[in-house]
There are 2 protein chains.
Amino acid sequence: MSDAMVEQIRRFNRVVTERVGALDDRFLGLERPLGEARLLWEIGLDGSEVRVLRSRLGLDSGYVSRLLRSLQAAGLIKLAASGRDRRVRVARLTAAGRRERLALDQRSDELARSLLAPLSQRQRQRLVAAMRDVERLLLCGIVEIRVVDPEHADAQYCLGEYVAELNRRSTRGFDPSVGATALPHEVRPPAGQFFVAYLHGEPIGCGGVKHHADTPSEIKRMWIAPQARGLGLGRRLLEKLEDCARTGGARVARIETSAVLTEALALYRSAGWVEVPPFNEEPFADHWFEKVLSIRTAAAT
Amino acid sequence: MSDAMVEQIRRFNRVVTERVGALDDRFLGLERPLGEARLLWEIGLDGSEVRVLRSRLGLDSGYVSRLLRSLQAAGLIKLAASGRDRRVRVARLTAAGRRERLALDQRSDELARSLLAPLSQRQRQRLVAAMRDVERLLLCGIVEIRVVDPEHADAQYCLGEYVAELNRRSTRGFDPSVGATALPHEVRPPAGQFFVAYLHGEPIGCGGVKHHADTPSEIKRMWIAPQARGLGLGRRLLEKLEDCARTGGARVARIETSAVLTEALALYRSAGWVEVPPFNEEPFADHWFEKVLSIRTAAAT
DNA sequence: GACATTCTCTGACCTTAGTCAGCAAAGTGC
DNA sequence: GCACTTTGCTGACTAAGGTCAGAGAATGTC
């Protein structure tokens, strides 16, 4: 990580907060204080529970209450008790509130347009592409990979998506209970470990490891949500799983996969995995890989 | 300007303000209020005049005065009258102030590092490159091209840099008073017009137009500061000059340039200028161009 | 039914950020 | 020497953003 990189990021920050940040906030403010505007926005067209707003914006209960009163006094929202739990209050936009939210929306669009306006068509495309890169790479940086019990709801959600995707992309039909399985007890300590990747608290990927006493460790059920692909997240997750296998005492890890998962195949090959003859009878697999787990040096987290 | 572009920018804003903006400001804040921290930073290692601080940060005189008092009370700065003008006060960092400024610096670096840390080396390079693109394109968007009198200090500065650069890059030696000149009265209404491009109030480029009653208009002294190149600014400036010639009644514009100005040659060619036989005896020129000024449609500003 | 917990609201309070009008000292132009 | 401008300081004021403690109602738990 060179000084030049750090310097570039700091310059970027300065320019962006000047041009985007300053605008985004104060611009959005319209006639209304920023806090109220953000709250109005966050309530959304379908309304929100007050406690949800509080946690999403990270604000004090008293403060939110006051902001809501002020919005209510301005005739922009209505507050009502929730049907299920009458302590919980739900904020809903009135017609005027919806109009104002739309205005905020348009302001935001205007801001975006004002950034593009002075540029030529080619420059616009370059700007948008670069912004997309920055956005995705920053997002990739916030993704957190945590050890989770394989029966935890988040793990189950990911596994479900994994199976669904395989069945969607393959003509063969995949049954996770047949062949080389990854049953909960097989990927739970001490037999193994299961990981879930989170972005903003949402599960967006998973993977498991099965330790074995004498034969190589197995990596199983590695999956990344479609909308999170192309971030290099797969590589990060795979490294985590290899680490786990290594820590479990394995010198070699194995993985098998279907031919339809082309991204996975490319990833394994580029990450130093070597294709080997089939080492199990997993009916769904078309490719089998092995990797010698060398001692890692100076790993990035 | 498509909706997809606008949408991408808004997503970018959200991610960046969350990850960079929020951090940059509040992170920088340390234990000190943001205003004081920014001021402390801006004073710099060599000290600054108070009036300069005020204009750079765009703050009220009274407010700055109060902030400085607070920093002085904390033992971070010393205030003294300027030697030349005893109304003007100069703020200088004490040893403690320098320490604190260094700490702010390190915080900023830390933030930058924390963005890079989770990424692989390749991803880091992509992130930094994309940030550089975004930064440059945003900067390009804020550049303002104004009509300025050719004897104005900013115009003179640009012209001086232009001449200096030609003499630096060419072996021939360039004398602006010989050959096809651009004397002040020739590029000032009604005979012509002169433009200066500004970034943050600093002149970073220029160009002039000489109108003629019967022969084509001439574009003269077009220059972009080296640090502002590669932004597509040249194209914007050139379009402005063409517009000016067109508004002045010309159907055709001419421009001559030296072979050493390779960027300029490439720009003219790609902007629809056609190389023609020499139309004057400018001793410094190697290439002569003409362009038919069509009526413009839906121009970007 | 007693008790704890959850959720919202209220009043009191604080800091930060910033504006405005006016003043005094110093410098500038004639 | 006089009028005017620049520069910085001060006091009074405002708005926004936010924290904290506690009250009161609804709900959950034993």
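Residue numbers begin at 1 in each chain, while the letters A, B, ... track the order of the sequences.
To the nearest angstrom, P of C/dT10 lies 13 Å from CG of A/Leu67. Counting to the nearest Å, the C1' atom of D/dC9 and the CG atom of B/Leu68 are 11 Å from each other. Whole-Å rounding puts the A/Leu71 CG to C/dC9 P distance at 12 Å. C/dT8 atom C1' lies 11 Å from atom CG of A/Asp60, rounded to whole Å. In this entry the distance linking CG of B/Leu39 with C1' of C/dT16 reads 15 Å, nearest Å. In this entry the distance linking CG of B/Leu57 with P of C/dT19 reads 13 Å, nearest Å. In this structure, the CG atom of A/Leu79 is 16 Å from the C1' atom of D/dA25, given to the nearest Å. Put simply, CD on A/Glu36 is 11 Å from C1' on D/dG17, counting in whole angstrom units.
For the helix from C/dG1-D/dC30 to C/dC30-D/dG1, the rotation axes defined at the first and last 5 base pairs enclose an angle of 20°, given to the nearest 10°.
In this structure the side chain of A/Arg101 reaches within 4.5 angstrom of the side chain of A/Leu45, judged on heavy atoms. In this structure, A/Leu40 and A/Leu93 have side chains that are in contact, with non-hydrogen atoms separated by less than 4.5 Å. Using a 4.5 Å heavy-atom threshold, the side chains of B/Val64 and B/Leu68 count as touching.
Seen from the ring of B/Tyr198, B/Arg146 counts as a face-on cation partner, given the 6.0 Å and 45° thresholds.
With hydrogens and angles left out, the side-chain atoms of A/Ser48 and A/Glu42 include no donor and acceptor closer than 3.5 Å. For B/Trp223 and B/Glu165, the side-chain atoms include at least one donor-acceptor pair closer than 3.5 Å.
Looking at A/Ser61, its side chain has no donor and acceptor atom pair within 3.5 Å of the base of C/dC7.
Contact between the side-chain N/O atoms of A/Arg54 and the OP1/OP2 oxygens of C/dC7 is not found at any separation under 4.0 Å. OP1 or OP2 of D/dT10 sits under 4.0 Å from a side-chain N or O of B/Arg69. Contact check, B/Arg66 against D/dT10: no side-chain N or O comes under 4.0 Å of OP1 or OP2.
Distances were taken from every side-chain heavy atom of A/Leu34 (C-beta onward) to each of D/dG8, D/dG17, C/dC7; the shortest belongs to D/dG17. With distances taken from any side-chain atom of A/Tyr63 to the nucleotides D/dG17, C/dC9, D/dT7, the minimum falls on D/dG17.
Heavy-atom nearest nucleotides on DNA chain D were determined for B/Arg51 and for B/Gly62, and the one closer to the 5' end corresponds to B/Arg51.
Note: B/Arg89 CZ to B/Lys78 NZ = 13.5 Å, rounded to the nearest 0.5 Å.
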